[in-house]
Amino acid sequence: MRRYDEQRGVVLVLVLWLLALLSLMAGAHSYALRTETWLTIHALDRARARAAAEAGVWLAVADLLSPPSAQRWPHDGTPIEVNFAAGTIGLRIQDEAGLIDINSADDALLQGLLSNAAQPGQDVVSLFDALLDWRDPDPDRRGGGGAEDGDYLHAPYESKDGPFNSIEELRRVAGMSDELYRNIRDAVTIHSMQAGINPALAPRAVLEAIPGSRVDLVDAYLAGRHEAGQTAIITGTEHHFFNAQRGLTLTVTSSGRVGRGNVRLDVVVTLDSDRTPPYSVLSWRESRLPYTPPSTEGNG
């Protein structure tokens, strides 16, 4: 009888171990299934968000190709939100004529932009000289703080001694920090080929870079910029920095948001009515943005 009881005890322990093992397997399977389901939903949201962002690009291009009187959206980088299918599209259309061309802009505009965007104590003069040294053809350092080949010994490149071919190239200039680059990248271009800017198309960072401008003057100008009869100048600034030219090259920034998917496309297009199709895509950059929960403010 005692031997029988011992066998029953062993069987009971084995059954308990088997139940524990099965529970562990079931839990692992459930966790894997939930993870796969989550990844599938996330991938689907991201694919839909990308489709929405791409739709935004072509909506913007279609609007740009419309007659001026039929165009719905401004070309000065004003944020626009468009409802689309199960999500939303965030659009910005920026005419490059409203930006500061890092290859041809007046030196005072470049210096003003760097000064406004720099952190306190940052050596803007040396950075400005290094920027000009990067693009000029000679091997001589400007002033006391420029940068030529010898200053890039610890980098896998030398001073280019040629014009910038992309905005991202600014990151290679000696003294350019990540934060300063982020602060100026939406205010500069390589496509306008102008010494000045069209203030009617310029974002705030560009208007504040104009010598003589102040925050209150920029605020007053922006408040009435789209009103009929508004002059294309900012009070107190030197007018030779301005021109009324509109460009044929524009940057379309389109962000598609669906569920937890958030994809941004930065597309530079140039318009040409003599071509078929009447536009060309100069660059196309895609970024995956972090998920931001929808705001519940005001829903309480």
Side-chain angles (χ1 to χ4, degrees), residues 74-79 92-119 122-136 142 146-147 157 159-213 218 222 234 237-238 240-243 245-254 264-270 281-285 287:
H75 302 165
D76 58 4
T78 300
R92 285 191 299 112
I93 303 173
Q94 178 62 65
D95 190 318
E96 303 288 292
L99 304 180
I100 297 173
D101 194 304
I102 53 177
N103 286 321
S104 60
D106 188 293
D107 286 357
L109 278 177
L110 280 174
Q111 285 182 305
L113 179 66
L114 294 175
S115 297
N116 286 347
Q119 294 299 306
Q122 191 166 3
D123 188 353
V124 174
V125 174
S126 294
L127 175 58
F128 174 71
D129 286 338
L131 189 154
L132 296 187
D133 277 337
W134 180 270
R135 76 185 193 195
D136 69 25
R142 287 176 175 266
Y157 48 83
S159 181
K160 184 178 182 182
D161 297 330
F164 288 90
N165 294 117
S166 70
I167 301 305
E168 291 75 18
E169 203 174 307
L170 277 172
R171 281 297 294 114
R172 296 189 172 190
V173 174
M176 180 65 69
S177 65
D178 290 337
E179 184 173 5
L180 181 55
Y181 171 72
R182 287 193 296 268
N183 289 341
I184 68 172
R185 65 183 176 186
D186 292 331
V188 295
T189 181
I190 60 170
H191 298 294
S192 82
M193 296 178 283
Q194 300 294 318
I197 55 101
N198 183 335
L201 303 170
R204 172 179 286 276
V206 170
L207 298 176
E208 292 180 349
I210 300 168
S213 71
V218 172
L222 289 175
I234 298 175
T237 58
E238 298 181 36
H240 75 269
F241 293 110
F242 302 138
N243 64 63
Q245 181 175 338
R246 289 181 175 267
L248 295 177
T249 303
L250 303 97
T251 295
V252 176
T253 300
S254 178
R264 167 174 161 168
L265 297 175
D266 293 280
V267 181
V268 180
V269 297
T270 185
V281 175
L282 301 183
S283 71
W284 184 291
R285 187 173 70 249
S287 308

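One is the number of the first residue; the rest follow in order along the sequence.
- The shortest non-hydrogen separation linking A200 to D76 is O-CB, 3.8 Å.
- The shortest heavy-atom contact between A174 and A130 is O-CB, 3.6 Å.
- With rounding to the nearest 0.5 angstrom, the OG atom of S177 is 7.5 Å from the CD atom of Q119.
- Looking at P203 and V206, their side chains come closer than 4.5 Å, going by heavy atoms from C-beta outward.
- Between N198 and N243 there is a side-chain heavy-atom pair separated by less than 4.5 Å.
- Here the shortest heavy-atom pairing between G247 and A97 reads N-CB, 3.6 Å.
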Applying side-chain contact (heavy atoms from CB on, under 4.5 Å), run through V173 and F164 and close with a yes or a no. CA-CA 11 Å; V173 174; F164 288 90; 3.9 Å; yes

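- S283 has its side chain out of reach of T251: every pair of non-hydrogen atoms, C-beta onward, lies at least 4.5 Å apart.
- In terms of modelled atom types and a separation under 3.5 Å, the side chain of D95 and the main chain of L201 share no donor-acceptor contact.
- Using a 4.5 Å heavy-atom cutoff, the side chains of D178 and R171 are in contact.
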Please evaluate residues L250 and V268 with respect to the criterion side-chain contact (heavy atoms from CB on, under 4.5 Å), reporting the C-alpha separation (whole Å), side-chain torsions for both, the decisive distance (0.1 Å), and the verdict. CA-CA 6 Å; L250 303 97; V268 180; over 6 Å; no

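- Heavy-atom contacts from other residues, nucleotides or ligands closer than 6.0 Å to CZ of R246 number 12 or fewer.
- The shortest heavy-atom contact between Q122 and G175 is NE2-O, 3.8 Å.
- Taken to the nearest 0.5 Å, the OG1 atom of T253 stands 5.0 Å off from the CZ atom of R264.
- Note: I102 CD1 to S192 OG = 10.5 Å, rounded to the nearest 0.5 Å.
- The distance from atom CD1 of I100 to atom CZ of F241, rounded to the nearest 0.5 Å, is 10.0 Å.
- Nearest heavy atoms, M176 versus Y181: SD-N, 3.9 Å.
- For the pair T270 and H191, the minimum side-chain heavy-atom distance is 4.5 Å or more.
- Of the residues Q194, E96, Q94, the one that meets the side-chain hydrogen bond (donor to acceptor under 3.5 Å, both in side chains) test with T189 is E96.
- No donor-acceptor distance shorter than 3.5 angstrom exists from the side chain of N103 to the backbone of I190, with no hydrogens or angles considered.
- Screening residues 179-197 for salt bridge (charged side-chain N to carboxylate O under 4.0 Å, His left out), with sequence neighbours left out, gives no hits.
- Under the side chain to side chain contact (heavy atoms under 4.5 Å, CB included) test applied with L180, the options V124, L170, L127 reduce to a single match, L127.
- The local environment of CZ in R135 is crowded, with over 12 non-hydrogen atoms from other residues, nucleotides or ligands closer than 6.0 Å.
- The main-chain N or O of S159 is never found under 3.5 Å from a side-chain atom of D133 such that the two would form a donor-acceptor pair.
- Here the closest heavy-atom approach between residue A117 and residue I184 is recorded as CB-CG2, 3.4 Å.
- The line from CG of D123 to CG of L114 is 11.0 Å long, rounded to the nearest 0.5 Å.
- Taken from CG in L132 to CZ in R142, the straight-line distance is 4.5 Å, to the nearest 0.5 Å.
- Contact annotation: the side chain of L109 approaches that of I210 to within less than 4.5 Å [non-hydrogen atoms, C-beta and beyond].
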